[in-house]
Amino acid sequence: MPELPEIEVLKRSLEPHLVGDTIERAVVRDPRLREPVRPAELARRVTGRRIRALRRRSKYLLIELEGPGAGETLVVHLGMSGRLTLVPAGEPEEPHEHVAFHLRSGRRLRLRDPRRFGMVLALASDKLEQNPHFSGLGIEPLSGEFSGAWLAAAAAGRRGPVKSFLMDARVVVGVGNIYASESLYLAGIHPVRSVARLSAARWDRLAEAVVQVLSQAIAQGGTTLNDFADGEGRSGYFQISLSAYAREGEPCLTCGTPIRRIVQSGRSTFYCPRCQR
DNA sequence: CGTAGACCCTGCGCGC
DNA sequence: TGCGCGCAGGGTCTAC
């Protein structure tokens, strides 16, 4: 479901409602997620704490809680099928509901995740960077330091197709399967091309394309192919703007050549065989 | 060391 | 209608 833009949209939609509210109870209905939820530890770290701020790192939503010391951070990852929504108290439980946070305002923040690739855990805020999920993460593509030169430097001595490189979170975070195809299409770069064979100018174009695609997707509320929704259940509409992803056989918007689908590292890649070299 | 593939899950749409 | 198959936005581990 979610790549960087979807998590950013989720964060922005929840922020005004959550900041200032207090978590009164963490209810774990089904601990079976990618990493089993630890109910006792979760409750201990979040119960009674006021929500100070929301942040995003990579595809993780970070809910920062006040507390003694540096405070605690509630970490939520949506995996492929996770949905985090704010609902009124008394809303009936839905299938695949794993965790619900009861808030002082009476609302509930609940996580549903049919495929169970998601994650919920709480960490001491000052230990976040040392956590294995975060310690190896690469650069944020919407940060000022991200550039073609940065990508080129990260690619030095590496091999393999540029699409896999772009989706490697140790290099740059947040670019998943949809936005990798879209960025390469916009940059006019063939997804199979080796990172060892990209000029500096093309690295620049790629970095610009990534920034443009992600920014536009955020502005349009994310991509809803099946089930993405923000914290209040609203769908995104960037799917209307997709140029390559999920358009196999349909004409390229630039040259009319049918969009092609191939499989790289077990994931679908969509590209225009004429415009992308 | 880096890269490719398998794997973790459920649900949906499609063709037969 | 019902069934089997392929496919799905992610991350991690293993084998080469």
Side-chain angles (χ1 to χ4, degrees), chain A residues 1-11 29-37 56-61 75-84 94-98 111-121 131-138 141 154-184 191-197 210 213-214 217-218 220-230 235-249 261-270:
Chain A
M1 172 206 274
E3 303 182 32
L4 183 152
E6 288 71 37
I7 305 306
E8 185 63 31
V9 166
L10 177 68
K11 180 214 148 201
R29 303 203 180 278
D30 182 355
R32 299 173 303 160
L33 289 173
R34 185 172 105 219
E35 206 169 88
V37 183
R56 179 194 56 73
R57 172 74 171 116
S58 186
K59 296 167 187 168
Y60 296 90
L61 178 69
V75 178
V76 179
H77 194 289
L78 299 185
M80 292 276 251
S81 58
R83 240 175 122 135
L84 187 70
E94 290 186 298
H96 305 295
E97 190 169 318
H98 288 86
L111 175 72
R112 294 176 52 208
D113 185 1
R115 292 179 72 183
R116 298 197 259 127
F117 292 161
M119 208 179 82
V120 176
L121 79 160
N131 182 278
H133 292 109
F134 295 91
S135 57
L137 290 179
R158 293 187 53 149
R159 315 171 272 120
V162 62
K163 194 231 185 185
S164 312
F165 178 77
L166 209 48
M167 289 179 66
D168 186 342
R170 294 166 305 176
V171 175
V172 54
V173 301
V175 183
N177 207 35
I178 294 178
Y179 299 112
S181 279
E182 290 300 303
S183 300
L184 289 164
V192 173
R193 177 172 282 272
S194 165
V195 292
R197 293 180 52 249
V210 167
V213 166
L214 296 180
I218 292 170
Q220 297 188 21
T223 298
T224 299
L225 287 181
N226 271 321
D227 54 5
F228 169 72
D230 71 13
S235 296
Y237 48 99
F238 188 73
Q239 63 275 12
I240 299 165
S241 306
L242 293 177
S243 303
Y245 188 84
R247 295 194 66 242
E248 182 182 17
R261 172 184 175 271
I262 57 172
V263 175
Q264 293 180 279
S265 306
R267 317 289 302 271
S268 290
T269 303
F270 300 87

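Per chain, numbering begins at 1; letters A, B, ... match sequence-line order. Computation of the quantities below employed the complete heavy-atom set of this structure, encompassing side-chain atoms and omitting hydrogens, waters and symmetry-equivalent molecules.
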Colleague: Would you mind reading off the distance between A:D113 atom CG and C:dG9 atom P, rounded to a whole angstrom?
Modeller: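 From A:D113 CG to C:dG9 P: 15 Å.
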Colleague: Relative to the ring of A:Y60, is the ring of A:F134 parallel (under 30°), tilted (30 to 60°) or perpendicular (over 60°)?
Modeller: tilted
Colleague: Which whole number of Å gives the distance between the P atom of B:dG5 and that of C:dC7?
Modeller: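 Taking atom P in both B:dG5 and C:dC7, they lie 15 Å apart.
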Colleague: Got a second to check how far A:E97's CD is from A:D113's CG, nearest 0.5 Å?
Modeller: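 So the CD of A:E97 and the CG of A:D113 are separated by 12.0 Å.
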Colleague: I'd like to check the side chain to side chain contact (heavy atoms under 4.5 Å, CB included) partners of A:K59; sequence neighbours left out, ordered by chain and number.
Modeller: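 Here the qualifying residues are A:E3, A:I7, A:H77.
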Colleague: What dot-bracket string describes DNA chain C from 5' to 3', counting Watson-Crick and G-U wobble pairs whose defining distances are under 3.5 Å, with [ ] for crossing pairs and | for pairs to another strand?
Modeller: .|||||||.|||||||
Colleague: Between the side-chain atoms of A:N226 and the base atoms of C:dG9, is any donor-acceptor pair under 3.5 Å?
Modeller: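 Per atom types, the contact qualifies.
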Colleague: Could you tell me how far C:dG9 sits from B:dT3 if I compare only their C1' atoms? Round to whole Å.
Modeller: 23 Å
Colleague: When every nucleotide of nucleotides 3-8 of chain B is labelled 5' to 3' by its protein contacts under 4.0 Å (heavy atoms), B for base, S for sugar-phosphate only, - for none, what sequence of letters results?
Modeller: SS---B
Colleague: Does a side-chain N or O from A:Y179 land closer than 4.0 Å to OP1 or OP2 of C:dG9, or not?
Modeller: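 Negative; the distance criterion is not met.
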Colleague: Would one find a side-chain N or O of A:S268 under 4.0 angstrom from OP1 or OP2 of C:dA8?
Modeller: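 Yes, such a contact exists.
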Colleague: With sequence neighbours left out, what residues match A:F117 under ring-ring contact (aromatic ring centres under 6.0 Å, His included)?
Modeller: none
Colleague: Is there any salt bridge (charged side-chain N to carboxylate O under 4.0 Å, His left out) pair reaching into residues 167-176 of chain A, and which pairs are they, with sequence neighbours excluded?
Modeller: A:R158-A:D168, A:D168-A:R170
Colleague: Identify, with sequence neighbours excluded, every residue that meets side chain to side chain contact (heavy atoms under 4.5 Å, CB included) alongside A:N226.
Modeller: none
